[in-house]
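Taking it in order: structure first as structure tokens, then the write-up.
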Amino acid sequence: MTIRGDWSLALAGCLLAAGCTAEPSAGQRAADWEARRTRMIDSQLRARGIADKRVLDAMQKVPRHLFVPEEYRSRAYDDSPLPIGHDQTISQPYIVGYMSEALELRPTDRVLEIGTGSGYQAAILGELAGDVYTIEIVPELAERARAALDAAGYRNVHVRHGNGYLGWPEAAPFDRIIVTAAPEKIPQALVDQLAVGGIMVVPVGAVYDDQIMTIVRKTDKGVVTRETLPVRFVPMKKRIE
Ligand code: SAH
């Protein structure tokens, strides 16, 4: 018999232990998820050059599987995006690590995220920054992410259902802005809501096959942009349907 599925590690360890029962305990399950996160960090993040210790620690800590729909939970730590319903996806772990590192977050930063999706990236931001404001255009996803973030205890993450093209003017300016859906061009409202000295990370491009991760720095002399990585994000919707 081959042992497969979620609890393979816990069970494999269990079979060796004296007096073990077939059902893994809560402690064994937690240890299994923890071990999967460690492997994700070593093989997907560190191996590809993500080195920021705060980012790696946050990704070791946040239970990504709790932000993934039940039926995909066993694949939560795979090296890929996963469906979250409504034709949307939770980003691949590497992309979350890459964008989080590129933001150069400080513990007191006020951060705006466009595209809450599952709420996972927002939880990582909640670990690394001060207050996090996140906007989602699909009401059901905003609801579900809010519940997942509440359950995980992120009191500093504020979720709003709305159109990210408009930003969140009442909470501006933001030290950092992260956009996790792809606009055709960098939205001007977001540049306006970025503080001087601030950084925005945004995948830009109208065509799914031709998008580029873009890092925007706002200085007192103007805006400087740098293009880094070719990426594939879902398109940013222009209006609420
Ligand atoms: N950051 C997410 C992944 C986002 S997928 C996570 O960690 O899971 C992109 C999300 O952007 C989708 O949920 C999509 O509904 C949302 N989106 C698309 N256009 C938007 C817009 N104009 N304003 C706000 N959210 C938008």
Side-chain angles (χ1 to χ4, degrees), residues 29-30 32-41 44-45 50 52-70 72-86 88-162 164 168 171 174-181 199-201 233-234:
R29 280 198 289 266
D32 182 24
W33 292 123
E34 177 86 37
R36 286 169 186 239
R37 282 198 289 282
T38 304
R39 282 203 300 276
M40 168 187 86
I41 283 165
Q44 300 173 36
L45 305 184
I50 310 289
D52 185 329
K53 188 171 180 318
R54 292 187 70 232
V55 170
L56 297 173
D57 286 350
M59 292 188 69
Q60 177 70 54
K61 183 171 171 195
V62 176
R64 180 174 163 95
H65 59 284
L66 298 183
F67 293 88
V68 164
E70 196 94 37
Y72 294 108
R73 214 154 260 184
S74 63
R75 291 165 55 192
Y77 298 99
D78 285 6
D79 190 12
S80 63
L82 290 171
I84 56 171
H86 305 273
Q88 304 302 325
T89 56
I90 177 174
S91 304
Q92 179 191 16
Y94 171 69
I95 291 294
V96 175
Y98 181 91
M99 294 180 92
S100 302
E101 183 169 70
L103 282 171
E104 298 176 20
L105 290 159
R106 301 161 301 184
T108 55
D109 279 339
R110 292 163 57 78
V111 184
L112 175 67
E113 180 191 31
I114 307 303
T116 315
S118 67
Y120 174 68
Q121 172 76 71
I124 299 290
L125 299 171
E127 290 287 339
L128 295 169
D131 275 302
V132 177
Y133 297 83
T134 179
I135 306 178
E136 170 56 53
I137 205 162
V138 177
E140 294 85 354
L141 290 178
E143 246 344 281
R144 208 199 298 151
R146 187 180 285 124
L149 287 159
D150 276 353
Y154 289 99
R155 305 277 171 263
N156 60 335
V157 180
H158 316 283
V159 181
R160 166 187 277 190
H161 165 235
W168 193 318
F174 299 98
D175 302 302
R176 303 289 186 260
I177 299 180
I178 171 172
V179 185
T180 66
I199 302 174
M200 168 159 47
V201 180
F233 277 78
V234 294

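In this structure, S100 contributes its side chain and V55 its backbone to no donor-acceptor pair below 3.5 Å. Side chain of R176 to main chain of V111: no donor-acceptor pair is present (N/O by atom type, distance under 3.5 Å, no hydrogens or angles). E136 places a side-chain N or O within donor-acceptor distance of the main-chain N or O of G117, the cut-off being under 3.5 Å. For D175 (side chain) and R110 (main-chain N/O), a donor-acceptor pair under 3.5 Å exists by modelled atom type. With hydrogens and angles disregarded, no donor-acceptor distance shorter than 3.5 Å links the side chain of D109 to the backbone of A129. Without hydrogens or angle criteria, T180 side chain to I114 main chain gives a donor-acceptor distance under 3.5 Å.
In this structure, D32 pairs ionically with R36, as a charged nitrogen and a carboxylate oxygen lie closer than 4.0 Å.
By the 30° and 60° cut-offs, the orientation of the rings of Y77 relative to W33 is tilted.
Residues F233 and I95 have side chains in contact (heavy-atom distance under 4.5 Å, counting atoms from C-beta outward). Looking at F67 and L149, their side chains come closer than 4.5 Å, going by heavy atoms from C-beta outward.
Taking every heavy atom of both residues into account, A145 and T116 meet most closely at CB-CG2, 3.6 Å. Across all non-hydrogen atoms, the minimal contact from R54 to E127 is NH2-O, 4.2 Å. Contact between Y94 and I50 at its shortest, heavy atoms only, is CE1-CD1, 3.8 Å. Between R146 and V159 the shortest heavy-atom distance is NH2-O, 2.8 Å. Closest heavy-atom contact between D79 and Q92: OD1-NE2, 3.0 Å.
Between Q88 and S118, the side chains place no donor N or O within less than 3.5 Å of an acceptor N or O (distance only, hydrogens not considered).
Going from atom CG of D57 over to atom CD1 of I124 covers 10.5 Å, rounded to the nearest 0.5 Å.
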